[in-house]
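Presented below is the structure to which this report refers.
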Amino acid sequence: MILHDKIEAQLPAWRDRIKSLSKEHAEVVVDHVTVGQIVGGMRDIKSLLTDVSFVDPAEGIRFRGMSIPELLKALPKGRGNKMPLVGGLYYLLMIGEVPSRDQAMEVEAEWAKRAAVPDYVYKMLKSMPKETHPMTLFSQAVLALQNNSAFAHMYHEGMKKDHYWEPALEDSLDLTAKLPVIAAFIYRMKYFGETKKPKYNPKFDYGANFARMLKVDDKKGYAELARLYFILHSDHESGNVSAHTMHLVGSALSDPFLSFSASLNGLAGPLHGLANQECLGWLLEVHKQFGGVPTRDELYKFAWETLNGGKVIPGYGHAVLRVPDPRFTAQLDFAKKRFPDDDLVRLADMVFDVVPTVLKEQGKAKNPAPNVDAISGTLQYYYGVREFDFYTVLFGIGRALGVTANYVWARALGMPIERPKSLTTKMLEDAVAKAAQTPA
Ligand code: HAX
């Protein structure tokens, strides 16, 4: 398998680099930690290692060193498509090189081979109460797949540490292959009462299969959106909740299924993946209130009303970024090229113009610019995927690509179990008192 052979070829050099850092330079200081960071959710503490992606506050995400515009241009595309093959992005995340079209197609072919979901998973999903949240179903299905984990099986057989990454890669390919099938089944079952098993067709790529299994009306258009959406949502460094959860649970040598189910549970939180549905909700509220797209003045006043009501403007601000999120820009470009006259797209564009001014005037948000969630729901809505609570499932399919690439490399480089140190409140107070006595 191409990903296996490429990783194997790179491994000796990577292992030497990590060994040199941990054996010869372990005492070099990289960062210092403040009381504010400890009390404030470990914000910005430099303590995770990944080469898969990096978020530059002034520029946004880079996947394996490539910005979003660069990779959308460079990654291979299927015939007649404008958006790259998701298989090519997975290759880039795993290997760190832009693949040829054939190499991207090899990953796509692997997914097609591995997409079948065991019957008992469907049975389990069908037996759940109807009102179960789609993210709960999604996470349960991933957990249910765990008994087929190559990693768990080989670990219990007694595998050498140097080989952990190989079954990790097997599981990652299996998992990422099955996720769109499971998601599509949940979608059709939950909102349309259908319980037929979706069929993954090897003649089509990941994006096109998802569009077909979801049964949206404009399959070609939606397939393009699915490709873009999964690529953009794949990775955002290792410190966000879903990525860090995958890494943390995986560090206990829990297999990729156990780890990703946990990761999804974090993604399901309202401060993380669930935010996108709130953004679309806000846009729809504006649209309803003004019976269409408002004037700039009306929008300006509405935005201030939201802030004065003690609420945040969803889709704006970011913990790390200090510029418009390039994932937002890529999606807005997509919409403006394809359906510029859509009311919600026009509205999202106007919000982009007005809200940063309002947030700057208010002076609280460190970043008044839009994040990825300011537009992603709008695009789904346009194509008829209007079930808000399903949006985080879509995010989960994309996120799996990044976190599994990280999982494979973490095992390949022998990353140890995570175990940061805790302090008590009294210890922090003592540290503060000591600092006050120390002359500056
Ligand atoms: N509207 C109003 N106020 C905002 C704001 C916004 N969009 N963004 C930040 N602020 C406020 C904060 O609430 C905070 O106020 P207090 O001092 O009164 O607590 C102040 O500005 C400083 O916050 P910050 O340091 O700029 O931002 P944080 O790192 O604390 O939080 C958030 C980042 C994304 C959570 C924040 O900007 C926010 O709540 N945005 C709206 C919700 C949203 O878009 N969430 C999606 C995030 C994208 C993501 O990661 N998805 O998975």
Side-chain angles (χ1 to χ4, degrees), residues 34 36-37 39-45 53 55 57-58 60-61 68 135 229-230 232-246 263-286 299-332 348 351-380 388-403:
T34 65
Q37 287 176 308
V39 178
M42 300 196 279
R43 191 67 53 85
D44 286 338
I45 298 177
S53 73
V55 181
I61 185 75
I68 284 174
M135 277 302 274
Y229 187 97
F230 295 149
L232 296 181
H233 286 79
S234 60
D235 211 35
H236 217 229
E237 290 187 349
S238 296
N240 65 78
V241 169
S242 52
H244 190 203
T245 305
M246 179 86 182
S263 164
L264 282 175
N265 298 343
L267 191 65
L271 291 188
H272 191 15
L274 226 60
N276 54 14
Q277 70 185 58
E278 282 171 30
C279 299
L280 179 57
W282 192 80
L283 290 184
L284 289 171
E285 205 184 312
V286 177
L299 182 61
Y300 176 87
K301 281 190 198 123
F302 189 91
W304 264 114
E305 276 165 29
T306 303
L307 295 180
N308 291 335
K311 289 186 245 164
V312 297
I313 298 179
Y316 283 74
H318 200 272
V320 180
L321 273 176
R322 294 296 173 256
V323 287
D325 190 332
R327 300 173 299 172
F328 165 84
T329 314
Q331 292 183 91
L332 186 63
V351 172
F352 179 33
D353 204 23
V354 171
V355 162
T357 311
V358 173
L359 286 174
K360 270 188 219 156
E361 283 171 10
Q362 193 205 27
K364 274 176 39 171
K366 291 193 189 74
N367 173 29
N371 59 56
V372 63
D373 292 326
I375 183 86
S376 54
T378 305
L379 274 63
Q380 296 295 330
F388 287 16
D389 55 358
F390 188 68
Y391 292 173
T392 319
V393 174
L394 300 172
F395 193 160
I397 302 174
R399 186 44 50 98
L401 303 166
V403 297

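Every heavy atom of this structure was used, including side-chain atoms; hydrogens, water molecules and symmetry mates were not. Atoms within each ligand, like the ligands themselves, are counted from 1 in listed order.
Partner of W282 under the ring-ring contact (aromatic ring centres under 6.0 Å, His included) criterion, chosen from F302, Y316, F388: F302. The side chain to side chain contact (heavy atoms under 4.5 Å, CB included) test with L307 is passed by exactly one of L359, V355, V312: L359.
The aromatic rings of H233 and Y229 sit parallel, their planes meeting at an angle under 30°, below the 60° perpendicular limit.
Every protein residue with a heavy atom nearer than 4.0 Å to ligand 1 is included here: R43, H272, A275, L307, V312, I313, P314, G315, Y316, G317, H318, A319, L359, K364, A365, K366, N371, D373, F395.
Taking the side chain as every heavy atom from C-beta outward, F395 and S376 never approach each other to under 4.5 Å.
Shown here are the side-chain contact (heavy atoms from CB on, under 4.5 Å) partners of V39, two or more places apart in sequence or in another chain: V35, L428.
The two residues T357 and D353 make their nearest non-hydrogen contact at OG1-O, 3.6 Å.
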